[in-house]
J.: 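Before we start, here is the structure in question, set down as structure tokens.
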2 protein chains.
Amino acid sequence: MYSRGVNTSERLIESTRELLWERGYVGTSPKAILERSGAGQGSMYHHFKGKPDLALAAIRRTAEEMRATAEGVLGGPGTPYERIEAYLRRERDVLRGCPVGRLTMDPDVVADDELRAPVDETLDWLRERIAGIVEEGREQGQFASSLDGEEIAAAIVATVQGGYVLARAAGSPAPFDAGVRGLLSLLASATPSA
Amino acid sequence: MYSRGVNTSERLIESTRELLWERGYVGTSPKAILERSGAGQGSMYHHFKGKPDLALAAIRRTAEEMRATAEGVLGGPGTPYERIEAYLRRERDVLRGCPVGRLTMDPDVVADDELRAPVDETLDWLRERIAGIVEEGREQGQFASSLDGEEIAAAIVATVQGGYVLARAAGSPAPFDAGVRGLLSLLASATPSA
DNA sequence: GTCTATACAGTGATAGAC
DNA sequence: GTCTATCACTGTATAGAC
């Protein structure tokens, strides 16, 4: 429940974001959204065309937020390795998983191009952003020239996304942290001089 | 009486396995299972206590199968690096995702210890199995002694699980393959002599 | 073991009053 | 803009006949 200062449309979107993160698209019912937001049936269908429309607004906002969070770390100070390390080690609520990545396991999201688009664009942007940083590191001689920026970036983002899977399976953040350490140890040893 | 082919209980389990893979636990209804298996309502509740009980049987079988498939590659011939490469490059229906890993995004599976157990045990076994191979490679001098077997194994399994996420987001297997190549390039360069 | 009938809450949406 | 009423349909399960 949100304070009365925030308008109904806003509360609906925020409640939907929470539920999509917790239960996914298939597992989130309009009824649950209404209960959490404190809005009535009529309000929801006044502001949004239906469940997919509201979910789209929620997914777009979550995607934007994830992008901003990542950019805050990746665009920070430090060497390429340090910025990648900062991204990998950044504080996360590991057991909750990634609010964007989890949507890829939702059949109704993947089947709908409009719902999938923000997910695709965000993860694509993230890989490109990291690929550029790896290339930067190569040019500076921090990484071996044999490395491919896009491939390393894909491995980095996959390690994070897969780390969530392992952590949720285990009921503990430990496998996530182990994977991150493993990847960083490989990256650290992939220097031209090593 | 085997003359009529596969028995009903078997068909129910197989149909449930398919649906869990395609739509997850929350997205799979008893009705859909009955339609796909050709069984009637009564048969299902005769053989199984309900949806969770049937799902448990299906998940256990899928987990066993995944383990056998992985062991087939990891226990094969070749150096430690080659066996890990064989595991990473093994043919996969990438866009369908991992039938075990995808269950970790299902709130009702993660919330139920009995349903989560086969998922946990399988991914845990996989990490341990690969960790042993990495240790083997270290002892043989193929991998740098600075590497930690369990950490590298976590990174490997996470790259696969996360690769599925990236591929499904993109609607293409390309990011999965890129991540695998990236990880292998890092592993290949993490030799004591490199 | 399998079938049909039944139950009853939940889902996703529409209609119309205020 | 928001509310309540209503609706057709699905989800999950039980009962009892065959």
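Chain naming here is simple, since letters A, B, ... match the order of the sequence lines and numbering starts at 1 in each.
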J.: For the helix from C:dG1-D:dC18 to C:dC18-D:dG1, how many degrees between its two end axes (five pairs per end), to the nearest 10°?
T.: 0°

J.: Find out whether the Lys NZ or Arg CZ of B:R102 is both under 6.0 angstrom from the six-membered ring centre of B:W21 and within 45° of the ring's axis.
T.: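 Pair B:R102/B:W21 does not count as cation-pi.
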
J.: Got a list of side-chain donor-acceptor pairs under 3.5 Å for residues 153-170 of chain B, not counting sequence neighbours?
T.:
unit_1: B:T159; atom_1: OG1; unit_2: A:T159; atom_2: OG1; d: 3.4
unit_1: B:T159; atom_1: OG1; unit_2: B:A155; atom_2: O; d: 2.7
unit_1: B:Y164; atom_1: OH; unit_2: B:R92; atom_2: NE; d: 2.9
unit_1: B:R168; atom_1: NE; unit_2: A:T104; atom_2: O; d: 2.6
unit_1: B:R168; atom_1: NH1; unit_2: B:L95; atom_2: O; d: 2.8
unit_1: B:R168; atom_1: NH2; unit_2: A:T104; atom_2: O; d: 3.1

J.: Test of understanding: with side-chain contact (heavy atoms from CB on, under 4.5 Å), list the residues that count as partners of A:A63, not counting sequence neighbours.
T.: A:P118, A:T122

J.: In this structure, how many angstroms lie between the P atom of D:dA15 and the CE atom of B:M44, rounded?
T.: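 Answer to the nearest Å: 16 Å.
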
J.: Cut-off 3.5 Å, no hydrogens considered: what does the side-chain donor-acceptor table look like for residues 173-187 of chain A, sequence neighbours left out?
T.:
unit_1: A:R181; atom_1: NE; unit_2: B:E151; atom_2: OE2; d: 2.7
unit_1: A:S185; atom_1: OG; unit_2: A:G182; atom_2: O; d: 2.7

J.: Using the test side-chain contact (heavy atoms from CB on, under 4.5 Å), find all partners of B:E150 that sit at least two apart in sequence or belong to another chain.
T.: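 B:E150 satisfies side-chain contact (heavy atoms from CB on, under 4.5 Å) with B:E128, B:A131, B:D148 only.
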
J.: Scan nucleotides 3-9 of chain D nucleotide by nucleotide, 5' to 3', and note B when protein non-hydrogen atoms come under 4.0 Å of the base, S if they reach only the sugar-phosphate, - if neither.
T.: BBB----

J.: Can you find a side-chain donor-acceptor pair between A:E14 and A:S37 that sits under 3.5 Å?
T.: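 Judged by distance alone, the side chains do not pair up.
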
J.: Using a strict heavy-atom distance below 4.0 Å, which residues from residues 20-34 of chain B are in contact with DNA chain D?
T.: B:T28, B:S29, B:P30, B:K31

J.: Using a strict cut-off of less than 4.0 Å between a Lys/Arg side-chain nitrogen and an Asp/Glu carboxylate oxygen, indicate whether A:E85 and A:R90 qualify as a salt bridge.
T.: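 Looking at A:E85 and A:R90, the cut-off is not met.
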
J.: A:E65: which residues meet the side-chain contact (heavy atoms from CB on, under 4.5 Å) condition with it, sequence neighbours left out?
T.: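 Partners of A:E65 by the side-chain contact (heavy atoms from CB on, under 4.5 Å) criterion, ordered by chain and then number, come out as A:R17.
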
J.: Using residues 22-30 of chain B as the side-chain source, report each donor-acceptor pair under 3.5 Å to any protein atom, sequence neighbours left out, with the distance given to one decimal.
T.:
unit_1: B:E22; atom_1: OE1; unit_2: B:R36; atom_2: NH2; d: 3.1
unit_1: B:E22; atom_1: OE2; unit_2: B:R36; atom_2: NH1; d: 3.0
unit_1: B:R23; atom_1: NE; unit_2: B:G27; atom_2: O; d: 3.0
unit_1: B:R23; atom_1: NH1; unit_2: A:D108; atom_2: OD1; d: 3.3
unit_1: B:T28; atom_1: OG1; unit_2: B:L19; atom_2: O; d: 3.2
unit_1: B:T28; atom_1: OG1; unit_2: B:G24; atom_2: O; d: 2.6
unit_1: B:S29; atom_1: OG; unit_2: B:A32; atom_2: N; d: 3.1

J.: My understanding is that only residues two or more places apart in sequence, or in another chain, count here; which of them pass side-chain contact (heavy atoms from CB on, under 4.5 Å) with A:A86?
T.: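 With neighbours one apart ignored, the set is A:V73.
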
J.: Let me see the working for B:T79 and B:Q142 under side-chain hydrogen bond (donor to acceptor under 3.5 Å, both in side chains), right down to the final yes or no.
T.: CA-CA 9 Å; B:T79 65; B:Q142 191 175 24; 3.3 Å; yes

J.: At under 4.0 Å, does any side-chain N or O of B:T8 touch on OP1 or OP2 of C:dT2?
T.: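 For B:T8, the contact criterion (side-chain N or O under 4.0 Å from OP1 or OP2 of C:dT2) is met.
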
J.: As a test of reading the structure: which of D:dT14, C:dA13, C:dT2 is closest to the side chain of A:Y45, going by heavy atoms?
T.: C:dA13

J.: In residues 47-60 of chain B, which residues come under 4.0 Å of DNA chain D by heavy atom?
T.: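 Those residues are B:G50, B:K51.
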
J.: Is there any salt bridge (Lys or Arg N to Asp or Glu O under 4.0 Å) pair reaching into residues 66-79 of chain B, and which pairs are they, with sequence neighbours excluded?
T.: B:E71-B:R129

J.: Whether B:H46 contacts C:dG1 is assessed here as follows: a side-chain N or O lying under 4.0 Å from the phosphate OP1 or OP2. Is that the case?
T.: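 For B:H46, the contact criterion (side-chain N or O under 4.0 Å from OP1 or OP2 of C:dG1) is met.
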
J.: Any ion pair linking B:E10 and B:R61 (charged N to carboxylate O, less than 4.0 Å)?
T.: yes

